[in-house]
Amino acid sequence: MKKYNFNAGPSMLPREVIENTAKQCLDFNGSGLSLMEISHRAKDFQPVVDEAEALIKELLQVPEGYSVIFLGGGASLEFCMVPYNFLIKKAAYLNTGTWAKKALKEAKFFGDVVEVASSADANYTFIPKEWECPADADYLHITTNNTIYGTEIRKDLDVQVPMIADMSSDIFSRPIDIAKYDCIYAGAQKNLAMAGVTLVILKNEKLGKAPRQIPTMLDYRTHVEKGSMFNTPPVVPIYSALETLRWIKKNGGVEAMDKLALQRAEILYSEIDRNKMFRGTAVSEDRSVMNICFVMNDEYAELEKPFLDFAVGRGMVGIKGHRSVGGFRASCYNAQTIEGVNALVQAMKDFEAQH
């Protein structure tokens with residue numbers, strides 16, 4: 001039976017990315033050594049980092065004056081590193097979900113933090129509107145896609161202060177105006193690579209301004225100056241990121257990824273809205289195209305587990321919703337295919353016909 005991977009992260013990767021990375025794990029560049037055992041300072045590995053960095057800058061049209069680095073620790077470490085490096089007097093945070101809330105919590109260790117708005121009272125079913133960012137904030141932090149709750153900010157906001165964004169689950173899915181941001185970070189395990197590496201894009205002139213001593217490992221300048229080689233980087237995840245970046249470029253870049261994301265979402269949301277057994281959990285104008293969350297309508301609530309079992313029997317993997325929302329979550333990152341979405345839609349139609 002064919003499997004359709006809807007896991008929220010670590011998530012689906014293009015098959016050729018998996019295969020090409022696996023080949024290098026057996027024999028890296030004909031060296032007779034595995035990618036998993038070579039030195040990160042080997043002459044054959046530096047070109048991997050260089051090409052990955054160049055492709056990121058090309059695909060996202062990163063302006064001059066920005067650095068691209070690869071770190072460990074995931075977005076969770078960035079929740080701490082961002083305020084450590086960027087918070088001078090005051091930071092503003094938009095609270096749109098679990099990860100945004102965690103980022104806000106960490107920032108409070110380093111200075112005055114303003115929560116400009118929150119949708120927590122509505123279980124994060126929408127992106128707050130009609131809020132104001134303090135003009136004296138050092139930055140506004142946003143989480144562009146809320147993986148658990150299925151909401152997304154699919155445009156670069158217009159605010160009067162620099163932005164910092166956690167783009168872990170929608171990076172490379174749409175064009176971004178990098179110039180609006182002082183920092184963008186993304187755990188790679190959703191839309192870029194296997195788990196184990198974090199992408200960070202930094203505006204160089206904003207580094208070194210914080211009024212505090214920063215431990216060497218947590219200072220962004222350390223990693224910019226050493227080209228991501230201050231300590232041993234996650235070699236295999238960086239290589240898998242390179243293969244994914246090559247795949248994105250070959251398939252039309254972020255513009256093509258954007259178009260495909262909207263197409264997948266239209267197919268699945270249309271069925272959710274049509275099918276009398278299901279309903280979406282996020283308000284329509286804020287629905288994520290990366291993580292599509294839905295539940296059984298109240299009158300069919302007892303059929304939640306039977307539908308999950310039915311879908312799994314059809315090859316669907318990872319569609320069980322997060323415990324904070326319940327129901328189902330179909331994660332449709334860049335590697336997800338129209339075929340996979342159509343297979344899920346057919347399962348929903350067939351289940352409806354049976355009940």
Side-chain angles (χ1 to χ4, degrees), residues 3 5 7 9-62 64 66-75 77-78 167-168 171-173 178 184-202 217 220-257 260 333-337:
K3 300 289 186 178
N5 186 353
N7 276 313
S11 58
M12 182 179 184
L13 290 169
R15 188 65 194 177
E16 67 186 71
V17 169
I18 296 171
E19 291 176 353
N20 290 343
T21 302
K23 289 176 183 177
Q24 299 301 328
C25 285
L26 294 175
D27 184 359
F28 180 61
N29 281 354
S31 66
L33 298 175
S34 168
L35 176 62
M36 296 184 290
E37 63 183 352
I38 64 165
S39 168
H40 60 293
R41 302 193 188 280
K43 63 180 177 64
D44 283 351
F45 186 69
Q46 186 61 51
V48 170
V49 177
D50 293 344
E51 184 183 350
E53 178 182 332
L55 280 171
I56 289 165
K57 289 182 174 180
E58 176 186 348
L59 291 167
L60 295 180
Q61 298 182 11
V62 178
E64 291 294 322
Y66 283 79
S67 292
V68 171
I69 57 174
F70 300 100
L71 300 179
L77 181 58
E78 300 308 308
M167 294 189 177
S168 292
I171 192 79
F172 297 107
S173 70
I178 302 291
I184 293 170
Y185 61 93
Q189 68 276 12
K190 300 177 187 296
N191 228 11
L192 177 60
M194 59 185 288
V197 66
T198 309
L199 165 65
V200 186
I201 302 172
L202 299 157
M217 189 65 182
Y220 284 128
R221 291 173 297 179
T222 299
H223 304 284
V224 169
E225 290 166 4
K226 295 296 184 179
S228 303
M229 295 288 186
F230 173 72
N231 67 313
T232 306
V235 173
V236 179
I238 291 174
Y239 183 84
S240 71
L242 171 59
E243 286 289 353
T244 302
L245 293 162
R246 288 170 173 171
W247 178 85
I248 292 172
K249 181 177 180 178
K250 184 176 73 172
N251 286 279
V254 292
E255 293 80 7
M257 298 298 108
L260 186 59
Y333 302 122
N334 284 346
Q336 186 56 258
T337 62

Participant: Applying side-chain contact (heavy atoms from CB on, under 4.5 Å), can you list everything that pairs with Ala75, at least two apart in sequence or on another chain?
Facilitator: Phe79, Asp166, Ser168, Tyr185
Participant: So how far is it from Ile184 CD1 to Ile171 CD1, rounded to the nearest 0.5 Å?
Facilitator: 5.5 Å
Participant: Could you tell me whether the side chain of Asn191 and the main chain of Asn334 form a donor-acceptor pair under 3.5 Å?
Facilitator: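 Pair found, side chain donor or acceptor close to backbone of Asn334.
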Participant: So Phe172 and Leu199, do their side chains get closer than 4.5 Å, heavy atoms only?
Facilitator: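 With C-beta onward as the side chain, the pair touches.
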Participant: Taking all non-hydrogen atoms of both residues into account, name the closest pair between Met194 and Ala188 and its distance.
Facilitator: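 Shortest heavy-atom contact: O-CB, 4.1 Å.
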Participant: Going by atom types only, do Tyr220 and Glu78 share a side-chain donor-acceptor pair under 3.5 Å?
Facilitator: yes
Participant: Within the 4.5 Å heavy-atom criterion, are Thr222 and Met217 side-chain neighbours or not?
Facilitator: no
Participant: Do Tyr333 and Leu13 have side chains that get closer than 4.5 Å, going by heavy atoms?
Facilitator: no
Participant: Taking only residues two or more places apart in sequence or in another chain, which ones pass side-chain contact (heavy atoms from CB on, under 4.5 Å) with Leu77?
Facilitator: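 Residues passing side-chain contact (heavy atoms from CB on, under 4.5 Å) with Leu77: Met81, Leu218.
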Participant: Do any N or O atoms from the side chain of Asn5 and from the backbone of Asn7 form a donor-acceptor pair under 3.5 angstrom?
Facilitator: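 Yes; judged by distance alone, with no hydrogens or angles, the pair exists.
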Participant: Among all residues two or more places apart in sequence or in another chain, which pass the side-chain hydrogen bond (donor to acceptor under 3.5 Å, both in side chains) test with Gln61?
Facilitator: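 Result, side-chain hydrogen bond (donor to acceptor under 3.5 Å, both in side chains) vs Gln61: none returned.
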Participant: Does Glu225 have any side-chain hydrogen bond (donor to acceptor under 3.5 Å, both in side chains) partners at least two apart in sequence or in another chain, and if so, which?
Facilitator: none
Participant: For residues Thr198 and Gly187, report the shortest heavy-atom separation together with the two atoms involved.
Facilitator: CG2-N, 4.1 Å
Participant: With sequence neighbours excluded, what pairs up with Lys250 under the salt bridge (charged side-chain N to carboxylate O under 4.0 Å, His left out) test?
Facilitator: Glu16
Participant: Hey, does Lys23 have a side-chain heavy atom less than 4.5 Å from the side chain of Leu26?
Facilitator: no
Participant: How long is the span from the CG atom in Leu59 to the CG atom in Leu245, to the nearest 0.5 Å?
Facilitator: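 Here the interatomic distance stands at 6.0 Å.
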Participant: Go through the steps for Val235 and Met36 under the test side chain to side chain contact (heavy atoms under 4.5 Å, CB included), then give the verdict.
Facilitator: CA-CA 7 Å; Val235 173; Met36 296 184 290; over 6 Å; no
Participant: Taking salt bridge (charged side-chain N to carboxylate O under 4.0 Å, His left out) as the test, write out the residues that go with Glu255, two or more places apart.
Facilitator: none
Participant: Going by the rule side-chain hydrogen bond (donor to acceptor under 3.5 Å, both in side chains), which residues pair with Thr244 if we only count those two or more places apart in sequence or in a different chain?
Facilitator: none
Participant: Only counting residues at least two apart or in another chain, list the ones meeting side-chain contact (heavy atoms from CB on, under 4.5 Å) with Ala42.
Facilitator: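 If we apply the side-chain contact (heavy atoms from CB on, under 4.5 Å) test to Ala42, skipping adjacent residues, the hits are Ser39.
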Participant: Testing the basics here: between Lys190 and Gly9, what is the closest heavy-atom pair and its distance to 0.1 Å?
Facilitator: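 Where Lys190 meets Gly9 most closely, the heavy atoms are NZ-CA, 4.2 Å.
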Participant: For Asp27, check side-chain hydrogen bond (donor to acceptor under 3.5 Å, both in side chains) against everything at least two apart and list the hits.
Facilitator: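 None.
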Participant: Any idea which heavy atoms bring Val62 and Ile56 closest together, and the distance?
Facilitator: CG2-O, 3.9 Å
Participant: So, taking the atom named NE2 in His223 and the one named CE in Met229, what distance separates them when rounded to the nearest 0.5 Å?
Facilitator: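 One gets 13.0 Å once the value is rounded to the nearest 0.5 Å.
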Participant: Please tell me if the side chains of Pro233 and Phe70 come closer than 4.5 Å, counting only heavy atoms from C-beta onward.
Facilitator: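 A side-chain contact under 4.5 Å is absent here.
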Participant: If you measure from CG on Leu55 to CD on Glu243, what distance do you get to the nearest 0.5 Å?
Facilitator: 10.5 Å
Participant: Is a side-chain N or O of Thr21 found less than 3.5 angstrom from the main chain of Val17, in a donor-acceptor match?
Facilitator: yes
Participant: Using the salt bridge (Lys or Arg N to Asp or Glu O under 4.0 Å) rule, collect all pairs that involve residues 37-56, keeping only residues at least two apart or in two chains.
Facilitator: Glu51-Arg246, Glu53-Lys57
Participant: Could you state the interatomic distance from CG (Asn20) to OG (Ser240), rounded to the nearest 0.5 Å?
Facilitator: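 If I round to the nearest 0.5 Å, the distance is 11.0 Å.
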Participant: First locate atom CD1 of Ile38, then atom CG of Asn29, and finally report the distance between them rounded to the nearest 0.5 Å.
Facilitator: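 If I round to the nearest 0.5 Å, the distance is 8.0 Å.
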Participant: Quick one: are Leu33 and Phe28 in side-chain contact, heavy atoms under 4.5 Å?
Facilitator: no
Participant: Under 4.5 Å between any side-chain heavy atoms of Leu242 and Ile238, yes or no?
Facilitator: no
Participant: Could you report the tightest heavy-atom contact between Pro234 and Pro237, atom names first, then the distance?
Facilitator: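 That closest heavy-atom pairing would be O-CD, 3.3 Å.
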Participant: Compare all side-chain heavy atoms of Leu71 with those of Ser228 and state whether any distance is below 4.5 angstrom.
Facilitator: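 With C-beta onward as the side chain, the pair stays apart.
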Participant: Please list, chain by chain and in numerical order, all residues satisfying side-chain contact (heavy atoms from CB on, under 4.5 Å) with Glu64, sequence neighbours excluded.
Facilitator: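 With sequence neighbours excluded, Glu64 shows a side-chain contact (heavy atoms from CB on, under 4.5 Å) to no residue whatsoever.
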Participant: State which residues pass salt bridge (charged side-chain N to carboxylate O under 4.0 Å, His left out) with Lys226; sequence neighbours excluded, sorted by chain then number.
Facilitator: none
